[in-house]
Amino acid sequence: MDFTEEQILRYSRHIILPEIGGKGQAKIAKAKVFIIGAGGLGCPVGFFLTAAGVGTIAMIDDDFVELSNLQRQIAHSTRTIGMPKVDSARATFEALNPDVDFIALKQRITAENIMQLIDGYDIVVDGSDNFPTRYLINDACVLMGKPLASAAILRFEGQVTTIIPGVGHCYRCLFEEMPPAGLVPSCQEAGVLGVLPGIIGGLQAMEVLKIILGKGDVLKESLLIYDALKTTFRKVKVPRNPDCKVCGKHPTITSMDGANYGGDYCQG
Amino acid sequence: MDDIIPNKKLDIRGLKCPYTFVRSKLTIESMEPGQVLEILLDYQEASNSIPKSMEDHGHKVLRVEKINATEWIILVRKEND
């Protein structure tokens, strides 16, 4: 790939890394990443992947920017309150790096549309904020064999894992069933220190770039847990579950048709 | 010393670090293993740093030569892909 003078300057700190170089940067430029959610996690993931020069980034979210988002959702601003989040993110990302083809999808991801939407993308990023969506994304990625950078945050704790279908565990191997709605923290219990999604989203973006480059070790057989109050990172081994409903030896979830991921969860 | 005939020549006079190395690296990446790149530069620090970085990247520095008061020539053989 021939870089323009501007691209050579823009990506120079990548190019000089032995693990990346011009060839690695060309891989990044060809990559297509699908980010689910334009919130606390989606914003930093999209931000760093845009800065890194990922060729195509799609982002899906049907929500609008609110003042209460701005303490952590770094792609949005006071000026974009009231705008669809994906349009607000588009404005930020296009200003950051015009090389990137940004596809804004102002809709919800569902069992009906997910397979079609993520088809053609190399890697999926889960930046969703609720369990039904998390399982939905996991199942679709496993069925389609797509790498998934998954993460979750709450209060002062974050978790990151990378699912490489057929190689390591999936989200259902880790947490077999969705917790009942009553056990999930309600909106007023679910505070989060604003920096936390930046750290966790940054880790997700790093996982995505390493998958694209084929360098280093991703969290494909482990879960990384960050405790911001204690300032600790714990890496826990996660085995594959041979009885997993979607990636086990005898899966019972074999398509998204008629799947029910509903649940009475607090949104946003 | 036998004359080495470079397969490619790169003129990076006027450039400073790290662009001296960025240019050199992109050029050597585009070449085949075994081929020799000649780099012409006028940024003194790079006359030390480019050979070191090229060696770190696994390439073979064949020669570093000051050709006049302000210019250097570096010859590097690409060793790996």
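Keep in mind it's a predicted model, so treat the numbers as computed, not measured. Hydrogens, waters and symmetry mates are skipped; everything else that's a heavy atom, side chains included, is used. Order of the sequence lines fixes the chain letters, A, B, ..., with proteins taken first and strands second; residue numbering starts at 1 for each chain.
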* Count the heavy atoms of every other residue, nucleotide or ligand shown that sit under 6.0 Å from CE of A:Met206, and state whether that count exceeds 12. =>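 No.
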How long is the straight-line distance from [atom2] of [Y] back to [atom1] of [X], given to the nearest 0.5 Å?
X	Y	atom1	atom2	value
A:Ile118	A:Ile109	CD1	CD1	7.0 Å
B:Leu62	B:Met54	CG	CE	11.5 Å
B:Leu41	B:Leu10	CG	CG	9.0 Å

Tabulate, with distances rounded to 0.1 Å, every donor-acceptor pair spanning chain B and chain A at under 3.5 Å.
residue	atom	partner	partner atom	Å
A:Glu5	OE1	B:Arg23	NH2	2.4
A:Glu5	OE2	B:Arg23	NH2	2.6
A:Arg13	NH1	B:Tyr19	OH	3.2
A:Ile15	O	B:Lys25	NZ	2.6
A:Leu17	O	B:Lys25	NZ	2.7
A:Gly22	N	B:Glu29	OE1	3.0
A:Gly22	N	B:Glu29	OE2	2.8
A:Lys23	N	B:Glu29	OE1	2.9
A:Lys23	NZ	B:Asp81	OD1	3.0

* Asked: Can you check side-chain contact (heavy atoms from CB on, under 4.5 Å) on A:Met59 and A:Phe93, steps first, answer last?
  -> CA-CA 11 Å; A:Met59 187 173 252; A:Phe93 298 159; 4.0 Å; yes
* To do: Would you sort out whether A:Glu207 and A:Lys210 count as a side-chain contact (heavy atoms from CB on, under 4.5 Å), showing the intermediate values?
  => CA-CA 5 Å; A:Glu207 292 287 287; A:Lys210 287 188 300 175; 3.2 Å; yes
